[in-house]
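Okay, so here's the structure we're looking at.
Counting starts at 1 for both ligands and their atoms, following the listed order.
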Amino acid sequence: MNSVDRMSNVAPPPTATVVVVGAGYAGLSTALALHDEGVDVLVLEGSDRVGGRVLSERVDGDLVVDHGGQWVGPTQTRLLAAAERFDCTTFPTYNTGDHLELWSDGVTRPFHGAGPDGAPGVDAYVAAAEVIDEWAATIDLNDPTAHPRLVEWDSETVQSYLDRTVSDEDARLRLALAVQGVWTVEPRDISLFHLMFYVASAGGFDQLMETEGCAQERRFTGGAQAVALAIAEHLGDRVVLETPVWHVETLDDGRVRVDTERGQVLADRVVVATSPGAAVRIRFSPPLPQARNRWMERTPMGDVAKIHTVYDTPFWRADGYSGEATAYGDHSVGVVFDNSPDDGSVGVLVSFVYADRQHRWSALAPEQRRADVLATLTALFGERAGNPLQYLEKTWPDDPWARGGYAANPAPGVWTEHGATGWRTACGPVHWAGTETSSVWNGYIDGAIGSGHRAAAEVTAALRS
Ligand SMILES: Cc1cc2nc3c(=O)[nH]c(=O)nc-3n(C[C@H](O)[C@H](O)[C@H](O)COP(=O)(O)OP(=O)(O)OC[C@H]3O[C@@H](n4cnc5c(N)ncnc54)[C@H](O)[C@@H]3O)c2cc1C
């Protein structure tokens, strides 16, 4: 029995100074920061594992695949620091050779950077991204709702903005795939202000899109869940699994009673470290302020599935391809990356299916889903891609705890009307963490960790006062 198994099937203790709800990276980082300060902290996790939206599976021998969050970039310093502390090593994402673009007319072109030179819409796409970068840089990440153009930008969707300002239809297709790829929603679903905030939070549009020097630069040798597992191991019996929290009550004496499916815990402070959608399913007494409720209710998860196909070798490398590809038109798969292990001992491609494409693809029968993904891979990389040794799917909207991914996006108008206090302001002894509450790398593992550090600092200050 490993230490994580030992966290299951034990009732939580009746008291703790601080209870953290959720053992994703946000909750574990909150708890670790408090534990480092000597605070008596207890993490209650509903599912039977730690890591939340990060899930690594050992498939065969040494092969580990990441079904959820996987990459780390050089400016994601909180995640890199946690990895270093717990001796979790990383390696560069394979990025040698040509990327491939399968355009909507069926033509495949090699490319580097934003898109194939001279291909339809590339120049107008780059120009639109530059405007977004320029505007995003004007947002104060710690006080986003103070922005003078908040109401204007938050009143329209990215779709209406693109329709209005980008006349080149091909550039709009490229920008739509970028939105699907980064936010896992359609441009019609997301507020222009939130898109700007998110770009600013990552340090620029390229940071979100690119590999070298950017968000997709490196992967974890033992899978991205390894750091979470190591933190949980360090916290030992202070992490209790299979203990869903369903009610949080602030008592007359200012303490908090946390009701779980396996008993109650009395605490001085609670940190809810889940997505907004998971937090809204918890009952709070007295009721939370309206702004917080509306923020949580109107900040839904995106939709994404990740599919791994395993081959005896990364054969595309010998053909001069990086394994990275984008597909436009009727394909369910939007983006593909080489997800082979560092030593290239086997070949692994990871295919992403998002937003509307994911809705249509998920409605297919399993064999149709597989055939659909393999048809796109064959169109990109040839017949060998259509005959993998293994085919593995993870559809995040079906995950009972995450119910989607990568992250949640406030609908248009939500930042304007509820952002100032609904985003992450503590409600009495109830504090909020989770990547969606982060100023930096919002939506990413690093953002989750940063949110945990902020929540822990809030709690320590409150406990000292
Ligand atoms: C397919 C996919 C790909 C991604 N790729 C990347 C990437 O490459 N790099 C990157 O940095 N990020 C990536 N992300 C995003 C990243 O995984 C998330 O931002 C991050 O893991 C969120 O962490 P969190 O702790 O805020 O939330 P979560 O991971 O959602 O953790 C919340 C935890 O709370 C638990 N919980 C919920 N409700 C309750 C309850 N009532 N009681 C008790 N426990 C509860 C959940 O089970 C969960 O364990 C990806 C995500 C997905 C899904």
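- Geometrically, ligand 1 and Glu45 share a nitrogen or oxygen pair separated by less than 3.5 Å.
- Using a 4.0 Å cut-off between charged side-chain N and carboxylate O, Glu242 and Arg262 make no salt bridge.
- Residue Ala407 places every heavy atom at 4.0 Å or more from ligand 1.
- Contact check on Glu436 versus Arg53 returns a salt bridge, with a Lys/Arg side-chain nitrogen under 4.0 Å from an Asp/Glu carboxylate oxygen.
- Taking any N or O of Pro244, backbone or side chain, none lies under 3.5 Å from an N or O belonging to ligand 1.
- Residue contact check for ligand 1: Ala402 places no non-hydrogen atom closer than 4.0 Å to it.
- Some N or O of Trp71 is nearer than 3.5 Å to an N or O of ligand 1, by distance alone.
- Between Arg49 and ligand 1, no N or O atom pair is found at a separation short of 3.5 Å.
- Nearest protein heavy-atom neighbour of atom 23 (O) of ligand 1: Ala448 CB, 3.5 Å.
- Tested against Phe197, the residues Trp415, Trp153, Trp183 include a single ring-ring contact (aromatic ring centres under 6.0 Å, His included) partner, Trp415.
- Here the options are Val65, Val64, Leu63, the test is side chain to side chain contact (heavy atoms under 4.5 Å, CB included), and the partner is Arg58; only Val64 passes.
- A donor and an acceptor atom, one from each side chain of Ser285 and His247, are located under 3.5 Å apart.
- From the protein, the heavy atom lying nearest to atom 31 (O) of ligand 1 is Gly24 CA, 3.4 Å.
- With a heavy-atom cut-off of 4.0 Å, His67 touches ligand 1 through its backbone alone.
- For Gly27, no nitrogen or oxygen atom sits less than 3.5 Å from a nitrogen or oxygen atom of ligand 1, counting backbone and side chain alike.
- Those atoms of ligand 1 that come under 4.0 Å of a heavy atom in Leu44, given as number and element, are 43 (C), 44 (N).
- At a threshold of 4.0 Å, the pair Arg219-Asp338 does not count as salt-bridged, since none of the basic side-chain nitrogens sits closer than that to a carboxylate oxygen.
- Among Arg53, Gln225, Arg281, Glu242, the residue whose heavy atom lies closest to atom 30 (O) of ligand 1 is Arg53.
- To the nearest 0.5 angstrom, Phe205 atom CZ is 5.5 Å from Ile132 atom CD1.
- Using a 4.0 Å cut-off between a side-chain N of Lys or Arg and a carboxylate O of Asp or Glu, Asp372 and Arg370 do not qualify as a salt bridge.
- Of all protein heavy atoms, the one closest to atom 43 (C) of ligand 1 is Gly46 N, 3.1 Å.
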Trace of the side-chain contact (heavy atoms from CB on, under 4.5 Å) decision for Thr157 with Glu186: CA-CA 10 Å; Thr157 67; Glu186 296 298 327; over 6 Å; no
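- Residue Val245 has at least one N or O atom closer than 3.5 Å to an N or O atom of ligand 1.
- Around atom CG of Asp330, no more than 12 heavy atoms belonging to other residues, nucleotides or ligands sit under 6.0 Å away.
- Proximity to Gln70 (heavy-atom distance under 4.0 Å) selects the following atoms of ligand 1: 5 (N), 6 (C), 7 (C), 8 (O), 9 (N).
- The residue from Trp316, Tyr94, Tyr311 that alone fulfils the side chain to side chain contact (heavy atoms under 4.5 Å, CB included) condition with Ser340 is Trp316.
- Of all atoms in ligand 1, listed by their number and element, those nearer than 4.0 Å to a heavy atom of Gly51 are 29 (O).
- Ion pairing between Arg85 and Asp36 holds under the 4.0 Å rule for side-chain N and carboxylate O.
- Salt-bridge formation is not detected for the pair Glu458/Arg424: no Lys NZ or Arg NE/NH1/NH2 atom is positioned less than 4.0 Å from an Asp or Glu carboxylate oxygen.
- The existence of a salt bridge linking Lys394 and Asp399 is confirmed by a sub-4.0 Å separation between a basic side-chain nitrogen and an acidic carboxylate oxygen.
- Residue Ile282 places no N or O, backbone or side chain, under 3.5 Å from any N or O of ligand 1.
- Protein heavy atom at the shortest distance from atom 2 (C) of ligand 1 is Tyr406 CD2, 3.4 Å.
- Look at Asp40 and Arg238 and you find a salt bridge, because one of the NZ, NE, NH1 or NH2 atoms lies within 4.0 Å of a carboxylate O, short of that distance.
- Atom OH of Tyr321 is surrounded by 12 or fewer heavy atoms from other residues, nucleotides or ligands within 6.0 Å.
- The protein atom (non-hydrogen) at minimum distance from atom 4 (C) of ligand 1 is Gly69 CA, 3.3 Å.
- For atom 26 (O) of ligand 1, the closest heavy atom belonging to the protein is Thr435 N, 2.8 Å.
- Under a 4.0 angstrom heavy-atom cut-off, Gln216 registers as lying outside contact with ligand 1.
- Atom numbering of ligand 1 starts at 1 in the shown order; those under 4.0 Å from a heavy atom of Gly22 are 33 (C), 34 (O), 35 (C), 44 (N).
- For ligand 1, the polar-atom distance check finds an N/O of Tyr25 within less than 3.5 Å of one of the ligand's N/O atoms.
- Of the candidates Trp396, Trp401, Tyr444, Trp441, the one placing a heavy atom closest to atom 39 (C) of ligand 1 is Trp401.
- Of all atoms in ligand 1, numbered sequentially from 1 with element shown, those under 4.0 Å from a heavy atom of Ala278 are 37 (C), 38 (N).
- When only interatomic distances are considered, the shortest N/O to N/O separation between Gly405 and ligand 1 does not fall below 3.5 Å.
- We find that Asp446 and Arg78 are joined by a salt bridge, their nearest charged nitrogen and carboxylate oxygen being less than 4.0 Å apart.
- Remark: ligand 1 atoms within the under-4.0 Å shell around heavy atoms of Gly434 are 26 (O).
- The shortest separation from a heavy atom of Ser275 to ligand 1 is not under 4.0 Å, leaving the residue out of contact.
- A heavy-atom separation below 4.0 Å is not found between Gly447 and ligand 1.
- Remark: ligand 1 atoms within the under-4.0 Å shell around heavy atoms of Ile445 are 10 (C), 11 (O), 12 (N), 16 (C), 19 (O).
- The shortest contact between atom 15 (C) of ligand 1 and any protein heavy atom is with Gly443 O, 3.3 Å.
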